[in-house]
Protein chains: 2
Amino acid sequence: MAGEAKWLEQDELASWMSLAALLFKLPGVLDFQLQRDSGLSHFEYLVLAGLSESPGRSRRMSELAGFANGSLSRLSHVVKRLEQRGFVERHPAEDDGRITVATITDAGYEMVVSAAPGHVTAVREYVIDALTPEQLTQLKTIADQILAKVDPGRPC
Amino acid sequence: MAGEAKWLEQDELASWMSLAALLFKLPGVLDFQLQRDSGLSHFEYLVLAGLSESPGRSRRMSELAGFANGSLSRLSHVVKRLEQRGFVERHPAEDDGRITVATITDAGYEMVVSAAPGHVTAVREYVIDALTPEQLTQLKTIADQILAKVDPGRPC
DNA sequence: CGCGCTTACTTGACGCTTCAACTCATCGCG
DNA sequence: CGCGATGAGTTGAAGCGTCAAGTAAGCGCG
């Protein structure tokens with residue numbers, strides 16, 4: 001690789017270690033809470049939440065995949081499982097037969113509604129309450145700056 | 001769930017969304033870089049890096065699992081694959097036959113040495129260079145505070 | 001109007017992680 | 001010493017994500 005790879009300074013390293021630990025642990029506890037209290041993976045939750053907020057409680061697959069930050073293939077598998085569990089339905093769009101529209105069922109809707117408060121509470125407990133309002137602002141700025149480097153072509 | 005689940009305020013939500021995006025994307029690009037340039041997953045890298053820095057380039061399995069933040073079972077599978085690739089060796093400890101000691105081979109050592117600069121460069125590019133020194137300090141403080149809530153029984 | 005190209009999704013196979021069983025080795029205690 | 005309990009790792013099956021290939025519907029141009 002690069003012949004000139006500068007190792008990290010002590011305080012850079014310390015910051016990175018803290019961030020790395022955060023990157024590893026926070027998703028873990030949030031996933032765990034959802035799975036334990038609602039039997040949903042985080043991705044499944046995002047899918048159901050996305051549908052529940054969409055007009056007609058429906059959305060086409062590729063849009064939904066983008067919303068949930070996953071590949072179309074992944075979404076397809078997940079939606080198949082959610083359909084078997086009775087939380088969503090799939091129908092081809094009337095005007096274009098290539099398009100599949102996923103719709104959340106009443107059972108699915110109740111599932112999100114019951115899962116959401118616990119999830120929000122967990123986010124509040126672990127993140128929001130741990131920080132001062134000022135730190136929250138700093139965090140947003142920091143995260144956005146890193147994201148701009150990581151994924152330059154994204155809105156905001 | 002909790003009857004009293006307070007939803008997030010607008011700016012809380014915005015900060016959370018940025019953090020959530022970061023949590024999702026940053027591990028992705030870092031993993032991708034390692035995989036592409038060195039053919040190692042992040043976990044494999046951690047295992048090899050952990051061994052390369054240990055006295056005698058060796059460490060017992062359970063210690064190594066803790067270091068790499070993974071289960072013993074996961075480590076066992078991974079080390080088996082790394083052994084098949086010729087990067088590590090496993091031997092029972094002389095004084096206690098229950099213990100397995102993993103040792104990195106020369107090939108494995110060269111692999112970490114060649115992988116490390118690219119990884120460090122990626123961290124620098126995506127994280128360090130995106131922030132001011134002051135923000136790096138803020139980030140460490142923020143991450144540590146969240147981690148204290150998430151995982152109260154951890155050093156520092 | 002028909003034939004190839006593109007779009008939108010689905011499917012199957014493979015690899016990795018997890019979970020629960022299982023195998024040994026060692027320790028404690030009578 | 002013997003034997004159950006505990007500790008350290010390993011293994012196999014099951015589930016999820018990814019990648020590549022497959023299917024089917026629309027579009028476009030001769």
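Naming convention: chains lettered A, B, ... in sequence-line order (proteins, then strands); numbering from 1 in each chain. All values below come from the heavy atoms of this structure, side chains included, with hydrogens, waters and symmetry mates left out.
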> More than 12 non-hydrogen atoms from neighbouring residues, nucleotides or ligands closer than 6.0 Å to CE on A/Met17, yes or no?
Replying inline: no
Give each protein N/O atom lying under 3.5 Å from an N/O atom of nucleotides 18-20 of chain D, with the pair distance.
unit_1 : atom_1 : unit_2  : atom_2 : d
D/dT18 : O4     : A/His77 : NE2    : 3.2
D/dC19 : N4     : A/Ser73 : OG     : 2.8

> Can a salt bridge be assigned to the pair A/Glu83 and A/Arg90 using a cut-off of 4.0 Å between side-chain N and carboxylate O?
Replying inline: yes
> Atom CZ of A/Arg36 to atom C1' of C/dT18: distance rounded to whole Å?
Replying inline: 18 Å
> For the pair made of CG in A/Leu46 and C1' in D/dC16, what is the distance, rounded to whole Å?
Replying inline: 16 Å
>> With clusters defined by side-chain heavy atoms of hydrophobic residues (ILVMFWY) lying less than 4.5 Å apart, directly or transitively, does A/Phe43 cluster with A/Ile104?
In response: yes
> A/Ala107: what forms a side chain to side chain contact (heavy atoms under 4.5 Å, CB included) with it, not counting sequence neighbours?
Replying inline: A/Phe87, A/Thr105
>> If we count only N and O atoms by modelled type, under 3.5 Å, do the side chains of B/Arg57 and B/Thr103 hold a donor and an acceptor together?
In response: no
> What are the residues of residues 52-67 of chain B, sorted by number, that bring a heavy atom to within less than 4.0 Å of DNA chain D?
Replying inline: B/Arg60, B/Met61, B/Ser62
> To the nearest Å, how far apart are B/Phe43 CZ and C/dG15 P?
Replying inline: 19 Å
> Going by number, which of residues 92-101 of chain B have a non-hydrogen atom under 4.0 Å from DNA chain D?
Replying inline: B/Arg98, B/Ile99, B/Thr100
> Rounded to the nearest Å, what distance is computed from the CG atom of residue A/Asn69 to the P atom of nucleotide D/dG17?
Replying inline: 14 Å
> Mind checking what makes side chain to side chain contact (heavy atoms under 4.5 Å, CB included) contact with A/Leu8, not counting sequence neighbours?
Replying inline: A/Glu12, A/Leu13, A/Trp16, B/Val120, B/Val123, B/Arg124, B/Ile128
> What is the distance, rounded to the nearest whole Å, between atom CD of A/Glu83 and atom P of C/dC9?
Replying inline: 14 Å
> Between the main-chain N or O of A/Ile142 and the side-chain N or O of A/Gln145, is there a donor-acceptor pair closer than 3.5 Å?
Replying inline: no
> When the distance from CG of A/Leu82 to P of D/dG15 is rounded to whole Å, what number comes out?
Replying inline: 15 Å
>> Can a donor-acceptor pair be found, under 3.5 Å and without considering hydrogens, that links the side chain of A/Ser76 to the backbone of A/Ser73?
In response: no
> For the residue pair B/Ser15 and A/Leu136, what are the closest heavy atoms and their distance?
Replying inline: OG-O, 2.9 Å
> Whole-Å distance between D/dG17 C1' and A/Lys80 NZ?
Replying inline: 13 Å
>> Looking only at the side chains, is there a donor atom on one of B/Asp31 and B/Gln35 sitting less than 3.5 Å from an acceptor on the other?
In response: no
> What's the CG-P distance between B/Leu72 and C/dC19, to the nearest Å?
Replying inline: 14 Å
>> Suppose clustering is done on Ile, Leu, Val, Met, Phe, Trp and Tyr with side-chain heavy atoms closer than 4.5 Å. Which residues sit in the same group as A/Val101?
In response: A/Ile99
